[in-house]
2 protein chains.
Amino acid sequence: MEDKISLLNKHLKEKGLKSTRQRDLIVSEFFKRHQHLTVEELLERVRKIDQGIGYATVYRTLRLLTECGLAFKREFGGSARFEHSTDHHHDHLICLDCGKIVEFENDRIEKLQAEVCQKNRFKLINHKMELYGYCEKCHGKHHE
Amino acid sequence: MEDKISLLNKHLKEKGLKSTRQRDLIVSEFFKRHQHLTVEELLERVRKIDQGIGYATVYRTLRLLTECGLAFKREFGGSARFEHSTDHHHDHLICLDCGKIVEFENDRIEKLQAEVCQKNRFKLINHKMELYGYCEKCHGKHHE
DNA sequence: AAGAAATTGAAAATCAATATCAATTAGGAA
DNA sequence: TTCCTAATTGATATTGATTTTCAATTTCTT
Ligand SMILES: [Mn+2]
Ligand SMILES: [Mn+2]
Ligand SMILES: [Zn+2]
Ligand SMILES: [Zn+2]
(Lines give C-alpha, C1' and ligand atoms only; values in the text may rest on other atoms or scores of the structure.)
(Ligands and ions follow the chains in the order given, each with its own letter.)
Protein backbone atom coordinates (compact mmCIF):
# COMPACT_ATOMS: atom_id res chain seq x y z
CA MET A 1 0.00 0.00 0.00
CA GLU A 2 2.81 2.42 0.82
CA ASP A 3 4.43 1.87 -2.56
CA LYS A 4 1.10 2.39 -4.31
CA ILE A 5 0.59 5.68 -2.54
CA SER A 6 4.09 6.88 -3.30
CA LEU A 7 3.56 5.92 -6.93
CA LEU A 8 0.42 8.00 -6.91
CA ASN A 9 2.20 10.94 -5.34
CA LYS A 10 4.87 10.72 -8.01
CA HIS A 11 2.12 10.82 -10.64
CA LEU A 12 0.49 13.81 -8.98
CA LYS A 13 3.78 15.74 -8.87
CA GLU A 14 4.48 15.01 -12.49
CA LYS A 15 1.09 16.23 -13.61
CA GLY A 16 0.97 19.27 -11.32
CA LEU A 17 -1.92 17.79 -9.36
CA LYS A 18 -2.44 18.26 -5.68
CA SER A 19 -2.76 16.06 -2.68
CA THR A 20 -5.88 16.82 -0.67
CA ARG A 21 -7.49 15.59 2.49
CA GLN A 22 -10.38 14.08 0.50
CA ARG A 23 -8.17 12.48 -2.13
CA ASP A 24 -5.85 10.99 0.46
CA LEU A 25 -8.73 9.53 2.43
CA ILE A 26 -10.42 8.00 -0.59
CA VAL A 27 -7.17 6.51 -1.81
CA SER A 28 -6.21 5.05 1.53
CA GLU A 29 -9.63 3.48 2.02
CA PHE A 30 -9.48 2.07 -1.49
CA PHE A 31 -6.13 0.43 -0.91
CA LYS A 32 -7.01 -1.04 2.49
CA ARG A 33 -7.89 -4.41 1.00
CA HIS A 34 -8.18 -6.01 -2.37
CA GLN A 35 -11.86 -5.95 -3.36
CA HIS A 36 -14.14 -5.03 -6.22
CA LEU A 37 -15.94 -1.92 -5.05
CA THR A 38 -18.54 0.30 -6.62
CA VAL A 39 -18.25 4.06 -6.29
CA GLU A 40 -21.24 3.94 -4.00
CA GLU A 41 -19.62 1.38 -1.71
CA LEU A 42 -16.37 3.30 -1.47
CA LEU A 43 -18.27 6.52 -0.83
CA GLU A 44 -20.08 4.84 2.03
CA ARG A 45 -16.77 3.84 3.59
CA VAL A 46 -15.08 7.20 3.33
CA ARG A 47 -18.17 8.94 4.67
CA LYS A 48 -17.85 6.94 7.86
CA ILE A 49 -14.65 8.88 8.39
CA ASP A 50 -15.42 12.19 6.70
CA GLN A 51 -19.11 12.97 6.44
CA GLY A 52 -18.75 15.64 3.82
CA ILE A 53 -16.98 13.80 1.00
CA GLY A 54 -18.80 14.43 -2.27
CA TYR A 55 -19.97 11.83 -4.58
CA ALA A 56 -18.18 13.32 -7.60
CA THR A 57 -14.88 13.33 -5.75
CA VAL A 58 -14.96 9.55 -5.40
CA TYR A 59 -15.67 9.21 -9.12
CA ARG A 60 -12.84 11.57 -9.88
CA THR A 61 -10.39 9.83 -7.60
CA LEU A 62 -11.13 6.40 -9.01
CA ARG A 63 -10.72 7.76 -12.51
CA LEU A 64 -7.38 9.21 -11.46
CA LEU A 65 -6.23 5.86 -10.05
CA THR A 66 -7.38 4.10 -13.19
CA GLU A 67 -5.57 6.56 -15.41
CA CYS A 68 -2.29 6.13 -13.60
CA GLY A 69 -2.57 2.35 -13.68
CA LEU A 70 -3.19 1.79 -9.98
CA ALA A 71 -6.78 0.61 -10.38
CA PHE A 72 -8.72 -1.48 -12.86
CA LYS A 73 -12.27 -0.63 -13.78
CA ARG A 74 -14.55 -3.64 -14.20
CA GLU A 75 -17.92 -3.63 -15.86
CA PHE A 76 -19.82 -6.67 -14.65
CA GLY A 77 -23.23 -5.12 -15.25
CA GLY A 78 -24.91 -2.50 -13.10
CA SER A 79 -22.48 0.03 -11.68
CA ALA A 80 -18.82 -0.24 -12.51
CA ARG A 81 -16.49 -1.78 -9.95
CA PHE A 82 -12.90 -0.88 -9.20
CA GLU A 83 -10.11 -3.07 -7.89
CA HIS A 84 -6.40 -2.65 -7.19
CA SER A 85 -4.38 -3.21 -10.33
CA THR A 86 -2.43 -6.47 -10.32
CA ASP A 87 0.79 -7.57 -11.99
CA HIS A 88 -0.81 -10.56 -13.61
CA HIS A 89 -3.92 -10.41 -15.70
CA HIS A 90 -6.87 -12.27 -14.18
CA ASP A 91 -10.49 -12.98 -14.93
CA HIS A 92 -13.56 -13.43 -12.76
CA LEU A 93 -16.18 -15.85 -11.57
CA ILE A 94 -19.30 -14.04 -10.37
CA CYS A 95 -22.13 -15.47 -8.28
CA LEU A 96 -25.50 -14.51 -9.71
CA ASP A 97 -27.09 -14.75 -6.31
CA CYS A 98 -24.82 -13.22 -3.68
CA GLY A 99 -22.48 -11.31 -5.98
CA LYS A 100 -19.37 -13.09 -4.73
CA ILE A 101 -16.43 -12.51 -7.02
CA VAL A 102 -13.61 -15.04 -7.37
CA GLU A 103 -10.48 -14.30 -9.38
CA PHE A 104 -8.67 -16.81 -11.53
CA GLU A 105 -5.81 -17.04 -13.99
CA ASN A 106 -5.72 -19.67 -16.69
CA ASP A 107 -2.84 -19.61 -19.10
CA ARG A 108 -4.28 -22.31 -21.28
CA ILE A 109 -7.38 -20.24 -21.94
CA GLU A 110 -5.27 -17.18 -22.63
CA LYS A 111 -3.23 -19.12 -25.17
CA LEU A 112 -6.34 -20.36 -26.91
CA GLN A 113 -7.72 -16.84 -27.03
CA ALA A 114 -4.54 -15.70 -28.73
CA GLU A 115 -4.95 -18.52 -31.22
CA VAL A 116 -8.50 -17.49 -32.00
CA CYS A 117 -7.27 -13.99 -32.70
CA GLN A 118 -4.49 -15.18 -34.95
CA LYS A 119 -6.85 -17.38 -36.92
CA ASN A 120 -9.08 -14.38 -37.49
CA ARG A 121 -6.19 -12.02 -38.16
CA PHE A 122 -6.99 -9.79 -35.22
CA LYS A 123 -4.32 -8.07 -33.20
CA LEU A 124 -5.49 -8.78 -29.65
CA ILE A 125 -5.36 -5.82 -27.28
CA ASN A 126 -7.42 -6.96 -24.32
CA HIS A 127 -10.26 -9.21 -23.42
CA LYS A 128 -13.08 -9.71 -21.02
CA MET A 129 -14.03 -13.09 -19.67
CA GLU A 130 -16.60 -13.42 -16.94
CA LEU A 131 -18.08 -16.70 -15.77
CA TYR A 132 -21.49 -16.28 -14.15
CA GLY A 133 -23.04 -18.94 -11.98
CA TYR A 134 -23.77 -19.90 -8.40
CA CYS A 135 -21.14 -20.19 -5.72
CA GLU A 136 -21.14 -23.28 -3.54
CA LYS A 137 -23.08 -21.59 -0.77
CA CYS A 138 -25.78 -20.18 -3.04
CA HIS A 139 -26.07 -23.36 -5.07
CA GLY A 140 -26.70 -25.19 -1.82
CA LYS A 141 -29.48 -22.75 -0.94
CA HIS A 142 -31.26 -23.41 -4.22
CA HIS A 143 -31.51 -27.08 -3.31
CA GLU A 144 -33.06 -26.05 0.02
CA MET B 1 -37.02 -16.33 -40.80
CA GLU B 2 -40.50 -17.75 -41.35
CA ASP B 3 -40.09 -20.21 -38.52
CA LYS B 4 -38.83 -17.48 -36.22
CA ILE B 5 -41.84 -15.35 -36.96
CA SER B 6 -44.25 -18.21 -36.42
CA LEU B 7 -42.51 -18.97 -33.13
CA LEU B 8 -43.02 -15.36 -32.15
CA ASN B 9 -46.69 -15.49 -33.13
CA LYS B 10 -47.12 -18.57 -31.02
CA HIS B 11 -45.56 -16.73 -28.08
CA LEU B 12 -47.83 -13.73 -28.64
CA LYS B 13 -50.95 -15.91 -28.70
CA GLU B 14 -49.92 -17.70 -25.54
CA LYS B 15 -49.36 -14.47 -23.67
CA GLY B 16 -52.42 -12.70 -25.03
CA LEU B 17 -50.26 -10.19 -26.87
CA LYS B 18 -51.16 -8.65 -30.17
CA SER B 19 -49.63 -8.44 -33.58
CA THR B 20 -49.36 -4.89 -34.85
CA ARG B 21 -48.15 -3.14 -37.96
CA GLN B 22 -45.22 -1.64 -36.04
CA ARG B 23 -44.24 -4.84 -34.29
CA ASP B 24 -44.37 -6.86 -37.49
CA LEU B 25 -42.23 -4.35 -39.33
CA ILE B 26 -39.59 -4.15 -36.62
CA VAL B 27 -39.42 -7.92 -36.30
CA SER B 28 -39.16 -8.52 -40.02
CA GLU B 29 -36.41 -5.93 -40.40
CA PHE B 30 -34.57 -7.43 -37.45
CA PHE B 31 -34.64 -10.92 -38.93
CA LYS B 32 -33.58 -9.87 -42.43
CA ARG B 33 -29.95 -10.71 -41.77
CA HIS B 34 -27.77 -11.86 -38.94
CA GLN B 35 -26.09 -8.80 -37.46
CA HIS B 36 -25.41 -7.12 -34.16
CA LEU B 37 -27.63 -4.06 -34.21
CA THR B 38 -28.22 -1.27 -31.75
CA VAL B 39 -31.74 -0.02 -31.12
CA GLU B 40 -30.77 3.15 -32.95
CA GLU B 41 -29.61 1.25 -36.02
CA LEU B 42 -32.74 -0.85 -36.18
CA LEU B 43 -34.90 2.23 -35.69
CA GLU B 44 -33.17 3.89 -38.60
CA ARG B 45 -33.98 0.93 -40.82
CA VAL B 46 -37.62 0.65 -39.91
CA ARG B 47 -38.10 4.38 -40.29
CA LYS B 48 -37.04 4.10 -43.92
CA ILE B 49 -40.22 2.11 -44.34
CA ASP B 50 -42.49 3.70 -41.75
CA GLN B 51 -41.55 7.21 -40.73
CA GLY B 52 -43.61 7.31 -37.59
CA ILE B 53 -42.24 4.34 -35.64
CA GLY B 54 -41.38 5.42 -32.11
CA TYR B 55 -38.12 4.48 -30.57
CA ALA B 56 -39.73 3.11 -27.43
CA THR B 57 -41.50 0.61 -29.65
CA VAL B 58 -38.19 -0.67 -30.98
CA TYR B 59 -36.91 -1.05 -27.42
CA ARG B 60 -40.07 -2.85 -26.49
CA THR B 61 -39.96 -5.18 -29.45
CA LEU B 62 -36.34 -6.15 -28.90
CA ARG B 63 -37.09 -6.85 -25.28
CA LEU B 64 -39.98 -9.04 -26.36
CA LEU B 65 -37.76 -10.99 -28.76
CA THR B 66 -35.12 -11.39 -26.07
CA GLU B 67 -37.67 -12.60 -23.55
CA CYS B 68 -39.02 -15.26 -25.85
CA GLY B 69 -35.52 -16.46 -26.75
CA LEU B 70 -35.45 -15.23 -30.35
CA ALA B 71 -32.81 -12.57 -29.76
CA PHE B 72 -29.68 -12.22 -27.67
CA LYS B 73 -28.76 -8.95 -26.05
CA ARG B 74 -25.04 -8.16 -26.12
CA GLU B 75 -23.32 -5.53 -24.05
CA PHE B 76 -20.04 -4.70 -25.71
CA GLY B 77 -19.86 -1.21 -24.25
CA GLY B 78 -21.84 1.82 -25.37
CA SER B 79 -25.37 0.94 -26.46
CA ALA B 80 -26.55 -2.63 -26.23
CA ARG B 81 -26.63 -4.69 -29.42
CA PHE B 82 -29.09 -7.38 -30.40
CA GLU B 83 -28.58 -10.38 -32.62
CA HIS B 84 -30.66 -13.37 -33.71
CA SER B 85 -30.43 -16.16 -31.18
CA THR B 86 -28.37 -19.12 -32.37
CA ASP B 87 -28.47 -22.82 -31.58
CA HIS B 88 -24.82 -22.92 -30.63
CA HIS B 89 -23.27 -20.63 -28.12
CA HIS B 90 -20.65 -18.32 -29.58
CA ASP B 91 -18.35 -15.54 -28.49
CA HIS B 92 -17.04 -12.42 -30.18
CA LEU B 93 -13.99 -10.66 -31.51
CA ILE B 94 -14.50 -6.90 -31.67
CA CYS B 95 -12.40 -4.37 -33.58
CA LEU B 96 -11.61 -1.37 -31.43
CA ASP B 97 -11.29 0.82 -34.48
CA CYS B 98 -14.06 0.01 -36.98
CA GLY B 99 -16.35 -1.93 -34.66
CA LYS B 100 -16.27 -5.06 -36.81
CA ILE B 101 -17.65 -8.06 -34.94
CA VAL B 102 -16.51 -11.60 -35.70
CA GLU B 103 -18.15 -14.62 -34.10
CA PHE B 104 -16.30 -17.73 -33.03
CA GLU B 105 -16.86 -20.96 -31.19
CA ASN B 106 -14.09 -22.73 -29.32
CA ASP B 107 -14.93 -25.92 -27.51
CA ARG B 108 -11.52 -26.17 -25.92
CA ILE B 109 -11.98 -22.82 -24.23
CA GLU B 110 -15.48 -23.75 -23.12
CA LYS B 111 -14.16 -26.94 -21.56
CA LEU B 112 -11.46 -25.07 -19.69
CA GLN B 113 -14.01 -22.57 -18.44
CA ALA B 114 -16.09 -25.43 -17.07
CA GLU B 115 -12.98 -26.77 -15.36
CA VAL B 116 -12.29 -23.41 -13.75
CA CYS B 117 -15.82 -23.38 -12.39
CA GLN B 118 -15.54 -26.88 -11.02
CA LYS B 119 -12.27 -26.10 -9.34
CA ASN B 120 -13.92 -23.14 -7.64
CA ARG B 121 -17.12 -25.02 -6.89
CA PHE B 122 -19.28 -22.74 -8.98
CA LYS B 123 -22.25 -23.96 -10.93
CA LEU B 124 -21.72 -22.27 -14.29
CA ILE B 125 -24.81 -20.68 -15.81
CA ASN B 126 -23.42 -18.52 -18.58
CA HIS B 127 -20.38 -16.58 -19.52
CA LYS B 128 -19.18 -13.61 -21.44
CA MET B 129 -15.97 -13.65 -23.45
CA GLU B 130 -15.07 -10.75 -25.68
CA LEU B 131 -11.72 -10.34 -27.42
CA TYR B 132 -10.95 -6.74 -28.28
CA GLY B 133 -8.30 -5.78 -30.78
CA TYR B 134 -7.72 -4.57 -34.32
CA CYS B 135 -9.02 -6.35 -37.38
CA GLU B 136 -6.64 -6.94 -40.24
CA LYS B 137 -7.78 -3.88 -42.14
CA CYS B 138 -7.53 -1.53 -39.19
CA HIS B 139 -4.24 -2.95 -38.00
CA GLY B 140 -2.88 -2.24 -41.45
CA LYS B 141 -4.06 1.36 -41.28
CA HIS B 142 -2.21 1.92 -38.00
CA HIS B 143 1.05 0.98 -39.74
CA GLU B 144 0.02 3.28 -42.61
C1' DA C 1 -70.34 -3.29 -34.35
C1' DA C 2 -68.87 -3.06 -29.40
C1' DG C 3 -65.80 -3.47 -25.68
C1' DA C 4 -61.86 -4.84 -23.12
C1' DA C 5 -57.23 -5.16 -23.20
C1' DA C 6 -52.94 -4.34 -25.50
C1' DT C 7 -50.15 -1.07 -28.04
C1' DT C 8 -48.40 3.14 -29.58
C1' DG C 9 -45.57 7.60 -29.67
C1' DA C 10 -44.28 11.51 -27.11
C1' DA C 11 -42.68 13.04 -23.20
C1' DA C 12 -41.16 12.41 -18.51
C1' DA C 13 -38.53 9.63 -15.37
C1' DT C 14 -34.58 6.88 -14.08
C1' DC C 15 -29.86 5.47 -13.54
C1' DA C 16 -25.00 5.73 -13.82
C1' DA C 17 -21.60 8.72 -15.01
C1' DT C 18 -19.74 13.28 -16.37
C1' DA C 19 -19.59 18.28 -16.67
C1' DT C 20 -20.28 22.89 -14.75
C1' DC C 21 -19.33 26.40 -11.56
C1' DA C 22 -18.69 29.27 -7.55
C1' DA C 23 -16.26 28.73 -3.38
C1' DT C 24 -12.31 26.70 -1.15
C1' DT C 25 -7.67 24.89 -0.75
C1' DA C 26 -2.88 23.51 -1.80
C1' DG C 27 1.59 24.52 -2.48
C1' DG C 28 5.29 27.10 -5.01
C1' DA C 29 7.17 31.90 -5.31
C1' DA C 30 8.28 36.05 -3.13
C1' DT D 1 4.86 33.68 6.31
C1' DT D 2 2.05 35.63 3.01
C1' DC D 3 0.45 35.79 -1.81
C1' DC D 4 -1.13 34.08 -5.84
C1' DT D 5 -2.72 31.04 -9.09
C1' DA D 6 -4.15 26.79 -10.48
C1' DA D 7 -6.26 22.68 -8.85
C1' DT D 8 -9.97 20.80 -6.18
C1' DT D 9 -14.29 20.35 -4.04
C1' DG D 10 -19.39 19.54 -3.39
C1' DA D 11 -23.72 20.66 -5.11
C1' DT D 12 -26.17 20.67 -8.92
C1' DA D 13 -27.13 20.29 -13.79
C1' DT D 14 -26.41 17.55 -17.79
C1' DT D 15 -25.76 13.58 -20.58
C1' DG D 16 -26.79 9.17 -22.82
C1' DA D 17 -29.11 4.93 -22.66
C1' DT D 18 -33.06 2.83 -21.33
C1' DT D 19 -37.59 2.46 -19.04
C1' DT D 20 -41.92 4.22 -17.61
C1' DT D 21 -46.10 6.88 -17.95
C1' DC D 22 -50.22 8.15 -20.10
C1' DA D 23 -53.76 9.52 -23.22
C1' DA D 24 -55.06 8.19 -27.69
C1' DT D 25 -55.34 4.46 -30.91
C1' DT D 26 -55.56 -0.23 -32.44
C1' DT D 27 -56.35 -5.13 -32.17
C1' DC D 28 -59.09 -9.00 -31.59
C1' DT D 29 -62.71 -11.59 -29.52
C1' DT D 30 -67.52 -11.77 -29.00
MN1 LIG E 1 -10.27 -8.83 -9.88
MN1 LIG F 1 -23.03 -12.91 -32.24
ZN1 LIG G 1 -23.20 -16.81 -4.08
ZN1 LIG H 1 -11.44 -2.84 -37.75
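Letters A, B, ... mirror the listed sequences (proteins, then strands); counts begin at 1. Quick note: numbers below take in every heavy atom, side chains included, and nothing from hydrogens, waters or symmetry partners.
- Sorted by first and then second residue, the side-chain hydrogen bond (donor to acceptor under 3.5 Å, both in side chains) pairs involving residues 49-71 of chain B (not counting sequence neighbours) are B/R21-B/D50.
- Between the side chains of B/S19 and B/D24, at least one donor N or O sits under 3.5 Å from an acceptor N or O.
- We find that CG of A/L42 is positioned 16 Å from C1' of C/dA16, with the value rounded to whole Å.
- Using a 4.0 Å heavy-atom distance criterion, A/G78 is classed as making no nucleic acid contact.
- Taking side-chain N and O atoms only, A/R23 has no distance below 4.0 Å to OP1 or OP2 of D/dA7.
- Going from atom CG of B/L37 over to atom P of D/dT18 covers 13 Å, rounded to whole Å.
- Partner B/R23 forms a side chain to side chain contact (heavy atoms under 4.5 Å, CB included) with one of B/I26, B/L25, B/T20 and no other, that one being B/T20.
- What separates CD1 of A/I53 from P of D/dT8 is a distance of 15 Å, to the nearest Å.
- The side chain of A/R63 lies closest to C/dT18 when the candidates are D/dT18, C/dT18, C/dT8.
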| Sequence-aligned protein contact record of nucleotides 22-30 of chain C, with B where the base is within under 4.0 Å of a protein heavy atom and S where only the sugar-phosphate is | ----BSS--
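- Rounded to whole Å, atom P of D/dT26 lies 12 Å from atom CG of B/D50.
- In this structure, A/D24 atom CG and D/dT9 atom C1' are separated by 14 Å, rounded to whole Å.
- Classified by interplanar angle (parallel below 30°, tilted 30° to 60°, perpendicular above 60°), the ring pair A/H36/A/H92 is perpendicular.
- Whole-Å rounding puts the A/L62 CG to C/dA17 C1' distance at 12 Å.
- Separation of the B/F72 and B/H84 ring centroids does not fall under the 6.0 Å cut-off.
- Taking atom CG of B/L64 as the reference point, atom P of D/dT18 lies 17 Å away to the nearest angstrom.
- Side-chain atoms of B/H90 and B/E103 include a donor-acceptor pair closer than 3.5 Å.
- Contact between the side-chain N/O atoms of B/Y59 and the OP1/OP2 oxygens of D/dT19 is not found at any separation under 4.0 Å.
- Both A/A56 and B/F82 lie near DNA chain D, and the one whose nearest nucleotide falls closer to the 5' end is A/A56.
- A/E40 has its CD atom 14 Å from the P atom of C/dT18, to the nearest Å.
- Side chain to side chain, B/D91 and B/H89 meet the donor-acceptor criterion of an N or O pair below 3.5 Å.
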